[in-house]
Amino acid sequence: MAAAAAGYRRSRVSLCFATAAGVKALALSAFTLVWTHSIAKVDWQEDWRVTPAGLELVQARVKGTGPGMEPPPEARLVDGWFQWRLARAPMQEVVLGNSGAAGEWRLCHDGQCRTLSEVVGHPIGANVTKMSVCKDP
């Protein structure tokens with residue numbers, strides 16, 4: 001019974017996207033963020049966890065290389081992707097910029113990928129989007 005009560009008091013978290021038009025919350029605990037490099041036209045993917053401590057970047061992958069997209073020395077080539085694990089502290093906020101030169105950021109979860117414009121319900125354009133953890137009351 002005490003364990004159940006302790007679990008009930010645990011903070012639940014959601015993923016929030018803040019745009020110029022407002023905030024959109026998504027009830028999920030893990031997702032993949034994907035974008036295409038504007039010059040090399042190759043995809044970069046990052047696996048994230050949403051935790052009470054913040055956004056945790058777990059693993060990154062890049063399909064090829066390009067200016068500013070060199071995989072670190074510990075990266076391994078697996079099925080055509082250079083991939084590596086990251087060990088960094090959870091982040092309270094991640095700022096996503098969009099030059100408009102290579103398409104939009106895409107959020108993937110449960111086998112489905114959507115652009116940030118689709119996720120938040122309005123065009124993002126070249127504006128900054130802030131990604132953070134929003135704690136449910």
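- Distance check, rounded to the nearest 0.5 Å: CG of Leu116 to CG of Asn127 gives 12.0 Å.
- Remark: Arg85 CZ to Glu74 CD distance equals 12.0 Å, nearest 0.5 Å.
- Across Cys16 and Ala25, no two heavy atoms sit closer than the pair SG-CB, 3.9 Å.
- Ionic pairing of Asp47 and Arg61 is present here: one or more N-O contacts between side-chain nitrogen and carboxylate oxygen are shorter than 4.0 angstrom.
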task = Apply the test side chain to side chain contact (heavy atoms under 4.5 Å, CB included) to residues Trp48 and Val94: give CA-CA distance (whole Å), side-chain angles for both, the deciding distance (0.1 Å), then the verdict.
result = CA-CA 11 Å; Trp48 292 83; Val94 176; 3.7 Å; yes
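- Counting heavy atoms from C-beta on, the side chains of Phe31 and Leu15 come closer than 4.5 Å.
- Residues Val50 and Leu26 form no side-chain contact, since every pair of their non-hydrogen atoms from C-beta on lies 4.5 Å or further apart.
- Of all non-hydrogen atoms in Leu86 and Ala60, the two that sit nearest each other are CD1-N, 3.7 Å.
- Under the 4.5 Å side-chain heavy-atom criterion for Ile, Leu, Val, Met, Phe, Trp and Tyr, Trp81 and Trp44 are members of distinct hydrophobic clusters.
- Looking at Gln83, its side chain never comes within 3.5 Å of a backbone N or O of Val78 through a donor-acceptor pair.
- The backbone N or O of Ala53 sits less than 3.5 Å from a side-chain atom of Gln92, completing a donor-acceptor pair.
- Distance NZ/Lys130 to CZ/Phe17: 14.0 Å, rounded to 0.5 Å.
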Step-by-step side chain to side chain contact (heavy atoms under 4.5 Å, CB included) determination, Cys108 to Val34 = CA-CA 8 Å; Cys108 303; Val34 180; 3.8 Å; yes
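- Note that CG of Asp110 is 11.0 Å distant from SG of Cys113, once rounded to the nearest 0.5 Å.
- With hydrogens and angles disregarded, no donor-acceptor distance shorter than 3.5 Å links the side chain of Thr129 to the backbone of Thr19.
- To the nearest 0.5 Å, atom CZ of residue Arg106 and atom CZ of residue Arg114 are 14.0 Å apart.
- Nearest heavy-atom pair across Trp84 and Gln59 is O-CG, 3.1 Å.
- Heavy-atom minimum distance, Gly54 versus Val133: C-CG2, 3.6 Å.
- Residues His109 and Ala30 come closest through the heavy atom pair ND1-O, 3.0 Å.
- The CH2 atom of Trp105 sits 13.5 Å away from atom OG1 of Thr115, with the distance rounded to the nearest 0.5 Å.
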